[in-house]
Amino acid sequence: IEEPLLFERDSEGRCGVDLPAPPKAKNRLGTNARKGRIGLPGISEPEIVRHFTRLSQKNYAIDTGLYPLGSCTMKHNPRLNEKMARLAGFADIHPLQPVSTVQGALAVIDQLAHWLKVLTGMPAVAMSPAAGAHGELCGMMAIRAAHQAKGETRNKVLVAESAHGTNPATAAACGFTVEAVPANARGRVDLAALKAQLGPDVAAVMLTNPNTCGLFETEIREISDAVHAAGAYFYCDGANFNAIVGRVRPADLGVDVMHINLHKTFSTPHGGGGPGAGPVVLAAALAPFAPLPWVVHGKNGFEVLEKAEGAATQALGRLKGFHGQMGMFVRALAYMMSHGADGLRQVASDAVLNANYVLAGLKDDLTAPFEGPCMHEALFDDRFLKDTGVTTLDVAKALIDEGFHPMTMYFPLVVHGALLIEPTETESKATLDRFIGVLKALAAEAREGKVDKFRAAPTLTPRRRLDETSAARQPVLRWKPEEPARTAAE
Amino acid sequence: IEEPLLFERDSEGRCGVDLPAPPKAKNRLGTNARKGRIGLPGISEPEIVRHFTRLSQKNYAIDTGLYPLGSCTMKHNPRLNEKMARLAGFADIHPLQPVSTVQGALAVIDQLAHWLKVLTGMPAVAMSPAAGAHGELCGMMAIRAAHQAKGETRNKVLVAESAHGTNPATAAACGFTVEAVPANARGRVDLAALKAQLGPDVAAVMLTNPNTCGLFETEIREISDAVHAAGAYFYCDGANFNAIVGRVRPADLGVDVMHINLHKTFSTPHGGGGPGAGPVVLAAALAPFAPLPWVVHGKNGFEVLEKAEGAATQALGRLKGFHGQMGMFVRALAYMMSHGADGLRQVASDAVLNANYVLAGLKDDLTAPFEGPCMHEALFDDRFLKDTGVTTLDVAKALIDEGFHPMTMYFPLVVHGALLIEPTETESKATLDRFIGVLKALAAEAREGKVDKFRAAPTLTPRRRLDETSAARQPVLRWKPEEPARTAAE
Amino acid sequence: MLVAIGVPSVDALFRDVPKAAWRDEPFDLPPHQGELEVERALARLAAQNVPAGSVPSFLGAGAYRHHVPATVDHIIQRGEFMTSYTPYQPEVTQGTLQYLFEFQTQVALITGMDVANASMYDGASATAEAVMMANRVTRRSRAVLSGGLHPHYRETTETNARFAGVTIVAADPHPEADEDLAALIDDKTSCVVVQNPDFFGRIRDYSALAAAAHAKGALLVVVVSEIVSLGAITPPGEMGADIVAAEGQSIGNPLTFGGPHVGLFATRDKYVRQMPGRLVGQTVDADGRRGWVLTLSTREQHIRREKATSNICTNSGLCALAFTIHMSLLGEIGFTGLAEINHAHASLLAEKLESVPGVTVLNDSFFNEFTMALPKPAADVVEALVGHGVLAGVPVSRLYPDRPELKNLLLVAATETNTEADMDTFAAKLQEVLR
Amino acid sequence: MLVAIGVPSVDALFRDVPKAAWRDEPFDLPPHQGELEVERALARLAAQNVPAGSVPSFLGAGAYRHHVPATVDHIIQRGEFMTSYTPYQPEVTQGTLQYLFEFQTQVALITGMDVANASMYDGASATAEAVMMANRVTRRSRAVLSGGLHPHYRETTETNARFAGVTIVAADPHPEADEDLAALIDDKTSCVVVQNPDFFGRIRDYSALAAAAHAKGALLVVVVSEIVSLGAITPPGEMGADIVAAEGQSIGNPLTFGGPHVGLFATRDKYVRQMPGRLVGQTVDADGRRGWVLTLSTREQHIRREKATSNICTNSGLCALAFTIHMSLLGEIGFTGLAEINHAHASLLAEKLESVPGVTVLNDSFFNEFTMALPKPAADVVEALVGHGVLAGVPVSRLYPDRPELKNLLLVAATETNTEADMDTFAAKLQEVLR
């Protein structure tokens, strides 16, 4: 069934809310009152519930099936966390209430910070970044501020070739020039190349570990030592922290700064693209530069430092309004408390176990570019599709018709036609077995030359393949009313 | 995608909850502790969320589309009501807490009772019945108790031919014998026949008004006068009260007792078959017999009479545990407060308008057995299918493939192959137009002889027509583990 | 729309209504209000109640405060479940039908019975229906009720019986003496109804009573008002029960002042066609694929009208769904584990309260609820403890006001939701009040 | 599973981790807890806060307490929305894509702009991105900020600017004087950033400023921190704005201590390829049916890496959905009606507070928030009023501690959620505290 746009519905003069009459009071708007209609449709509440319910049914989600997007960590989102975030004591407090009236909220921030610091071994954490990329921005700013405080001008940042696109984008947003560090044949950073690139102009090196090939950087200590010896800082992209949480502390690997995607490792929902939260843990050398606000212990409980003064004199400034993503903090803390120190270890173990099970199950049918074991995700390239006429994209779309969301495609860039599969710890063996079986069958069909089937896929979805090229060439980014002229002609 | 039963899932030793360890304490269970396994599967929380989410997607619901089940009144269920029912002050109170600690709950019962009394014009209401049929039981018991109190033995109940099946079943459950009252050619009760049936052995007459043909009983006053003259009581089935709420008070029609389905007229959700709530309004003559408990105004606020003594000496007893369906009361009261006296009138007007619009739109293509205007639902018979080979059932199933839930079929019994359509007030004209269009097209296809298409329908659903006969012949009412013998043989 | 219908006004559509009964003005009730105002008004009423979770609370007597996982309420609110009707059109309601089939299976498993229906209004009305069913099966109309049956269940059964012309023989309630129900069974008796754990919390083996009943051609009906107990004690099916009527609220459903709750009803295969209520059965569709339908509807009122097994048309669908989800989450380990914690908490509480001077626990055995004798009227003690911020339990006199011999008895329950600190508070305050 | 993989233990899979960094024992953190216990612990923390809805509350300054219809939170919790990812696979995420397209349209309509993106983190970060975008469009790097810009927005912009090498010229905040921003624009200026209503609540016509900026080749960025105002005042698009950065929290989203909120971002068609953030566009599928996809991704970091328009990878999806649903429910009548009530409440409140001796309202115009001068430091007054159970507003000194000339100023907001009784309480208690 087709679902029209809200703006295309029968709507004459309806309203889905019932507002009280305004009291009589003087109009003090001044001379800038709105004139003319906005153009919003008026639709009844039942129709709106139905509209969005039907739209929701056009979505795939963790709640409907496996979502094996490598590097995105689509794990189960416990409903307890949702319930906790909606307690009036968290959801209905204003960010600028007197601090005496929000001590519990500040305690949540403080407790979450404590968990993050212990789990990473780092002495400080900046809580306000709103998402992973925002956390990267925060981390790179802290690095820049630290160099500036030392009177150093270092303008170059080395970024691993396999890095998420946000890494170079972030470095550029902070005014750095970016240089790629190549990968070696084992899918890790090429240590010799890195050493050659390091120098007095390098402010930082940005790596992901486990990296985006799903591999642990075996020479991580050698890397961090080299970075430090060169006077640079080691930024670790924390997107894959879920592979080692409770098992390995980034501080013990020589990491100076790392963001943590609460929506990946700590299960806050992805929400169709946000909101996220990206707290950043900082080594002692970078801690003084953490952005405002800071939550600190004071005489009368928690206090909030909102200006660059006192202990926060070197703070790098402010990254967003208010205190950060409180709603996400509550969810993440609920997750941590539910799992505990023991449960979080188990998370990492199960995530790695599941990924290796997929790798083992598929390595004979697909082609794995690097030797295992992998960490939380299994990487394949498209050599198994060679000469079949079928592409990575085709496989992904065919998977949709089998009832599964595709894996991450064409990333990381270091292998050709990448297929990056991350099952996460919350999937059962039965689900993985079914997924492996389907992929094996698809690989066989590709070998058998069923190109047409692949090209046509998906066929069982609300829409078939969409024309992205024309969408970008002639962008239609909003609904517009039909031209009055045309309406009149009809 | 097929969804296995919970019991068929991979489950070795899992558990979807995390319980604290029990404290050390003496075992005082005695000698009857459970031995042996129960046989419940153990499944993780993510798998369970997915299981039930997927099951939900196999359901049609008001939230997904028009649900025009005549006599069932499937209207929009506002989410505000759900939110209110979940306030801790309502959801987390024990029914036997000291009354001083539940004054707000008793106030809800009292306020809802007030609304019901004013809307029906009746002086009393019994709140505890758990559903419509339960309310009928309550009403018929009150009638029997009243006759007994007068020392009369009247054992016969007259029930309209068009009545819901619950009416005769209820009368029988109270030990009455049941006699049907025929309908006349206008789809109303045959007054002359009724008068002839009335006599000193008749305890009550049970009618629905508007009746199940969707028609208002034009001679309702004459009927009630005759019933009263014969010393009997007039039980009105309130299932269709939504057609006249805010417009007509049953008391003004001579009704002595009527149940009210809160899930029909007052929008509490049907929930796939319950829970409902069926308060019963009572005339003064029947009020003393209302079942326990009674909520009354006392010196220190509200009090609860739980025994047949004092004011409640003649109470007919108890119909269920505790106080009735509190959760439903809160929802219904929220609905009433939202609509107000003015909004409830509008509900009736819009419900009747929508039904007549459907009647007008379809009367040339389908066959209407009685002349309009109708009230809240439009009745058709199957004359329009004569000689087509297509049945009412076929039309209903074909409607499913067009994205609509079928109307009520083969009820009321007074017309052949009935199709009873109730759109309710919460549907938009656009939706009704689409529904009318689809039914017109189906009628045309039936006339064109497309029998095969009808017989095959539905084809777009998770299941096609199901074999109800074999289900009843060899009932399989629960999952059972496979026979060990067979497992061993495999 | 009026033009299409051909009337000048909506009021014209109501022309069949007698003039004298037509009301042109709104009734004397408040006008409509916005969400904000309704929410404010109802929140004010809610605030006039003391939520059981806001204070140490130990009430049971047929309604128990358990922890319901957040997942349960999340799923039952999905519109596809909540705003669907009774699954009369199975092709588009396989979701509802499958969970009800799963529910029936779960109920059968935990009660140890062959088969269960798709739920009833509550435990009390299920008990009344069990007696009616026993009458149909045995073609007799005399039922014997234990004094240990929950008073609301007894009263509900008596009310139904009175109007259906059934004789009820009810033993007196007694918290300590064992009753000889076998002696009350005669060859007109359709059934004997017992509760386990009984109203006073005692756990009994009814196997001998089952044999005695069967010997006289009567059925044994076993009632369970705290379903969690079945995770720890012998299920009725293993004691020879013919019908089980139970209250399922404890699994998945909040207290909600006593309703809606969910009645469970199970029996033996051979009696299934006399069972009241909805039933879901397995079948196949036109393509031979497994599916589910409402079945055996020839027992029901919409087919058999006055000959139906009962007048019940609704089950407690959404509450049954909550039960099914919670039970699925628990599974074997969780359900038995939950029972274990409940018993341990109650045992610990009993120990603490027994140490209060003047207090005696009367039970020789119990699950998560027991009866204490106090040195003064229990209702007064409970009222006094409200002032100390403790909801102390249910005075037996609340349910048996007419039996002075029970007036010092207090029913006390503990579940997994009670902390040891709560228990200590209770014991300390009780001691203070009794001093 | 280990057998299939061919390792003896899960730990063996971690063999690439350096021994020195491998931790065999759990960390020094609490062990796992059940739902019941977690819920109890977090509820205890929640109870240490004073919810704005539990007392008369008049805080604004960029976060506003509005009534969110129950429908909104119901729908956003549907698993298909909440547990879905960024819609990279459009065939199975048309639900997310369509609502984002609807969101973009709503934002464009209410701001009076051509086009909007699929949301940003919040108003402050959107403002910083607006300045960066203006730099890209104009190839300049000097931005002029109004003193009426929310201090958090200014600080965020300054922080970004500092690291990106952008010059910021910021006017001083002043609650009464009109600033001459046109005079600060030179031919190196990329944009001038104003807020409407401004931080002090004043409503301004920026048409002349737009003309002045355009004359110098600079863009006008208009910031809106209370989006409901656009139901009552002239939208930025009609004043010549080139970019609008706004905070959308007021529609559909709770306060939640300041986050997550939802940034709105709109611009002119001609600048769309310089716009940061996600964009959904209309297209057709292989069968020619209308559908939606993420588009213009060549602006984005996963394609262009260090050349991207911004490093932003996430939007505020679920908050944008809440916005879309609430806005749909409101519609034209509701959105303008909501604005009307907000203004009327604020006007009534201003009247009541002005009558308190010593209090002056400084605004010549306002929407739902205004600035009052008090006879003593506003922070002290607010603190004193906490003791009287009133959350009185935001002292300007909370955001400008370093400006003694502002220390007696109090920002006070009223929305549809404030009753007249709340306002009377506020006025009475304020009078008491000032006495």
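Reminder, nothing fancy here: chain letters follow the sequence lines and each chain counts from 1. Note that the structure is predicted; figures quoted are calculated from it, not measured.
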(request) Identify which part of D/Ala164 has an atom lying under 4.5 Å from any heavy atom of chain A, answering side chain, backbone, both or neither. (result) both
(request) Can you tell which part of D/Asp122 gets under 4.5 Å to a heavy atom of chain A, answering side chain, backbone, both or neither? (result) side chain
(message) If I measure from the heavy atoms of chain D, does A/Leu69 come under 4.5 Å with its side chain, its backbone, both, or neither?
(response) side chain
(request) Pick one of side chain, backbone, both or neither for D/Pro69, based on which atoms fall under 4.5 Å of a heavy atom in chain A. (result) side chain
(request) May I ask you to decide if the ring planes of D/Phe257 and A/His323 are parallel, tilted or perpendicular, using 30° and 60° as cut-offs? (result) parallel
(request) Return yes if a side-chain donor-acceptor contact under 3.5 Å exists between D/Ser347 and A/Arg28, otherwise no. (result) no
(request) Tell me, for D/Ser310 versus chain A, whether the close heavy atoms (under 4.5 Å) come from the side chain, the backbone, both or neither. (result) backbone
(message) Quick check: do A/Arg86 and D/Gln77 have side-chain heavy atoms less than 4.5 Å from each other?
(response) yes
(request) Using non-hydrogen atoms and a 4.5 Å limit, figure out which bit of D/Arg162 sits close to chain A: side chain, backbone, both or neither. (result) side chain
(message) Is D/Val272 in contact with chain A via its backbone, its side chain, both, or neither, using a 4.5 Å heavy-atom distance?
(response) side chain
(request) Against chain D, label A/His76 side chain, backbone, both or neither, depending on which of its atoms sit under 4.5 Å from a heavy atom there. (result) neither
(request) Can you tell which part of A/Pro458 gets under 4.5 Å to a heavy atom of chain D, answering side chain, backbone, both or neither? (result) side chain
(message) For D/Glu91 and A/Lys397: C-alpha separation, side-chain torsions, deciding distance, then whether salt bridge (Lys or Arg N to Asp or Glu O under 4.0 Å) applies.
(response) CA-CA 9 Å; D/Glu91 298 88 349; A/Lys397 299 300 183 189; 2.8 Å; yes
(message) Counting only non-hydrogen atoms closer than 4.5 Å, does D/Ile325 touch chain A with its backbone (N, CA, C, O), its side chain (CB onward), both, or neither?
(response) both
